[in-house]
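Down below is the structure, laid out as structure tokens.
All values below come from the heavy atoms of this structure, side chains included, with hydrogens, waters and symmetry mates left out. The structure displayed is predicted, hence computed values, not measured ones.
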Amino acid sequence: MEAKSNNIETLLRGIETQLIASLFQDVENFEIVNEKSSKIKFTIPAYNNLYNIARILYTQLHYTNIDKIAIDTYCATMNLSPSDSLSVKTWYDLIKSRVEKEKIDFNGTFEHFSMISSVYKYRQWHIENGGLDGVVEKLLKLGSSEKINTVIDGRITEFFTIGTQDSELVETDLTEKIDNEYIKNLRLRKTIESVPFLKHNYYLNRFLKGMVRGVNGIAGFSGTGKSSWLVVINMMGALENSKDKICLFCNEQVYQVFLNNLLFAYMSTILYSQAKQQGKEGKLMRLSRDRLTSGTLTDDEIEYLIKIAEIVKKRYAHRITHVYFENMTTGVIKKEVRKKYRAGYRHFFYDTFKDTEEEYKNIIILSTTIDKLTKKYNIIFTITLQIAGEHVGVKYLTYRHLARAKAIKDILESLLLFRKLDKEELAYLKVYKITKEGKQSVPLNLESSNYYAVFIDKNRNGEGDLVLLYEIFLDRLIYNEIGIIDNMPKDTIIQFNRKK
């Protein structure tokens with residue numbers, strides 16, 4: 001909207017009304033404005049009072065939006081006189097009546113307010129000093145170019161930075177980053193910022209360099225254990241090798257499922273490792289997720305699981321948040337990540353990007369948004385992706401078997417894809433592990449139905465185009481890293497399953 005100087009004050013007051021109304025709509029809107037400037041000042045004095053009321057209702061009384069009930073609560077809590085209460089309620093009703101739309105475009109309103117208020121403050125500076133000539137006269141009296149530049153820079157900063165929207169640019173003073181942490185990481189040969197997986201995931205740590213800042217992908221067919229992998233491999237690594245908080249966005253599993261998986265993951269990794277060091281791994285009680293779900297665990301097993309739950313609660317207290325959703329939007333994920341980041345969260349998981357066309361309509365926008373968030377906040381974001389059922393016969397998995405493959409691959413730091421191996425395949429595979437003496441062949445149990453091929457398809461920070469072999473027992477969430485498959489065929493269809 002084009003604004004002439006003679007009606008800018010009228011225009012600004014109209015925008016201020018819109019902005020105040022939008023702040024009452026949602027606490028997130030208030031937090032954004034408050035984050036931009038704690039010194040925001042409206043031209044209408046009553047609006048400054050309403051802004052302060054919003055601050056109290058949101059930060060002290062913990063409201064998420066402001067309506068008549070909230071206003072009544074504020075008046076009662078602050079013990080206002082009848083006349084003051086009437087004034088507050090009258091101004092609230094006036095704002096509501098002047099706002100035509102029920103839902104205000106907050107981002108557009110805030111940007112418009114930022115633009116008009118900046119110009120208004122610049123104009124007021126001139127008026128208060130007798131016009132442009134008066135400003136020039138006062139600047140010349142400062143006596144030096146350095147002082148003049150300092151004043152001008154300060155006033156420009158005051159005029160044009162309060163209320164500005166987030167920039168897509170992320171600035172970093174490189175020399176300031178040469179600090180004690182940087183020196184420490186150099187000595188540890190840690191040249192990229194990452195969080196390691198647990199120690200027994202040797203090859204993942206060696207080739208992927210751990211969980212790297214940015215977006216990392218885990219892909220598999222439906223029902224193959226993507227969510228379980230997320231908990232046992234990624235979440236346990238983040239919990240044990242960092243002090244950061246973790247947020248899990250989930251559109252499939254409710255929190256009870258992940259909580260149970262966390263208990264089993266702790267038993268199969270940390271508890272087992274501790275027992276093995278003491279030579280007592282054979283004495284551990286072996287519980288079954290299937291029997292837990294069917295309600296057939298014995299009383300002793302239930303008591304054992306309760307003890308594990310108490311340990312997990314104490315060990316990881318207040319560090320894991322599960323957020324269930326049905327339809328994710330870019331606006332929601334931006335707000336949630338921003339809010340969680342301020343609360344100390346640095347690891348984010350998204351389970352799952354589905355393979356259906358309906359689910360993938362907005363995947364390009366959503367994945368790009370997640371990528372920008374990782375760069376802006378320097379966080380780790382791991383997403384699980386579902387491979388379409390039409391590719392179930394594919395032997396050598398790559399990013400091409402994902403919906404919107406190119407868009408997904410472009411944003412990822414790393415991509416793992418995995419599938420279950422048929423017994424017929426095992427006889428043809430050559431597997432080795434790396435030892436101090438070099439490559440050592442690994443014998444396989446040809447009767448096992450628990451082997452999985454894990455394809456490292458993309459890896460910006462190490463080797464790619466590798467295939468690892470895992471032995472996975474989903475019922476107990478045991479993930480054993482076996483070695484590297486040396487001869488995984490790259491033909492498209494699994495030959496062993498072809499019907500003659």
Side-chain angles (χ1 to χ4, degrees), residues 1-25 29-56 84 87-88 90-92 94-95 97-101 104-176 376:
M1 187 183 294
E2 209 172 296
K4 296 181 180 180
S5 61
N6 59 356
N7 68 355
I8 191 170
E9 189 167 347
T10 302
L11 180 60
L12 180 57
R13 288 187 174 191
I15 297 168
E16 287 179 345
T17 302
Q18 296 276 344
L19 183 59
I20 283 288
S22 70
L23 297 185
F24 282 13
Q25 283 180 175
N29 296 344
F30 174 82
E31 287 180 348
I32 291 172
V33 173
N34 195 48
E35 185 181 81
K36 296 301 176 186
S37 174
S38 59
K39 298 178 181 179
I40 192 167
K41 190 175 182 180
F42 296 95
T43 60
I44 302 174
Y47 286 4
N48 292 314
N49 185 39
L50 289 175
Y51 185 79
N52 188 53
I53 291 172
R55 186 194 303 277
I56 292 171
D84 287 341
S87 176
V88 169
T90 301
W91 274 106
Y92 172 80
L94 180 62
I95 285 176
S97 66
R98 290 184 61 183
V99 176
E100 294 179 358
K101 296 181 181 178
I104 299 169
D105 174 15
F106 167 72
N107 290 324
T109 299
F110 190 31
E111 176 62 25
H112 202 185
F113 169 79
S114 303
M115 178 182 71
I116 301 300
S117 63
S118 296
V119 176
Y120 174 79
K121 283 180 286 186
Y122 179 73
R123 176 174 174 264
Q124 288 301 107
W125 184 41
H126 284 193
I127 293 174
E128 290 166 4
N129 289 280
L132 180 59
D133 289 339
V135 170
V136 171
E137 184 179 346
K138 285 194 173 184
L139 289 174
L140 290 175
K141 287 181 180 179
L142 294 174
S144 73
S145 60
E146 183 178 352
K147 290 181 180 180
I148 291 173
N149 288 335
T150 300
V151 170
I152 292 176
D153 287 345
R155 297 313 295 265
I156 288 175
T157 299
E158 178 188 343
F159 298 152
F160 298 107
T161 59
I162 295 177
T164 53
Q165 288 286 281
D166 288 333
S167 170
E168 295 294 331
L169 303 178
V170 181
E171 296 184 8
T172 302
D173 186 328
L174 294 183
T175 54
E176 285 297 318
K376 180 174 183 178

Less than 4.5 Å apart, side chain to side chain, heavy atoms only: is that true for [X] and [Y]?
| X | Y | answer |
| --- | --- | --- |
| Trp91 | Ile20 | no |
| Phe110 | Asn29 | no |
| Thr109 | Phe106 | no |
| Asn49 | Val88 | yes |

Check your understanding: Counting distance only, does the side-chain N/O of Ser22 pair as donor-acceptor with the main-chain N or O of Leu19 below 3.5 Å?
Key ->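 A pair under 3.5 Å: yes.
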Which value, rounded to the nearest 0.5 Å, describes the distance between [X] atom [atom1] and [Y] atom [atom2]?
| X | Y | atom1 | atom2 | result |
| --- | --- | --- | --- | --- |
| Ile8 | Gln124 | CD1 | CD | 9.0 Å |
| Lys121 | Leu12 | NZ | CG | 9.5 Å |
| Ile44 | Thr17 | CD1 | OG1 | 5.0 Å |

Practice item. Please confirm whether Tyr51 and Phe30 have ring centers closer than 6.0 angstrom. Key: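 Aromatic pair counts; centres sit under 6.0 Å.
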Review point. Considering residues at least two apart in sequence or located in another chain, which fulfil the side-chain contact (heavy atoms from CB on, under 4.5 Å) criterion with Leu132?
Key: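 Testing Leu132 for side-chain contact (heavy atoms from CB on, under 4.5 Å), a comparison that skips the adjacent residues, returns His126, Val136.
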Exercise for review: Just jot down the side-chain contact (heavy atoms from CB on, under 4.5 Å) partners of Asn52, sequence neighbours excluded, or say none.
Suggested key: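 side-chain contact (heavy atoms from CB on, under 4.5 Å) list for Asn52, sorted by chain: Arg55, Ile56.
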Exercise for review: Run the numbers on Thr43 and Glu16 for side-chain hydrogen bond (donor to acceptor under 3.5 Å, both in side chains), then give the verdict.
Suggested key: CA-CA 8 Å; Thr43 60; Glu16 287 179 345; 2.8 Å; yes
Exercise for review: Return the set of residues passing ring pair (Phe, Tyr, Trp, His ring centres under 6.0 Å) with Tyr120 (not counting sequence neighbours), or none when no residue passes.
Suggested key: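 By the ring pair (Phe, Tyr, Trp, His ring centres under 6.0 Å) rule, Tyr120 matches no residue at all.
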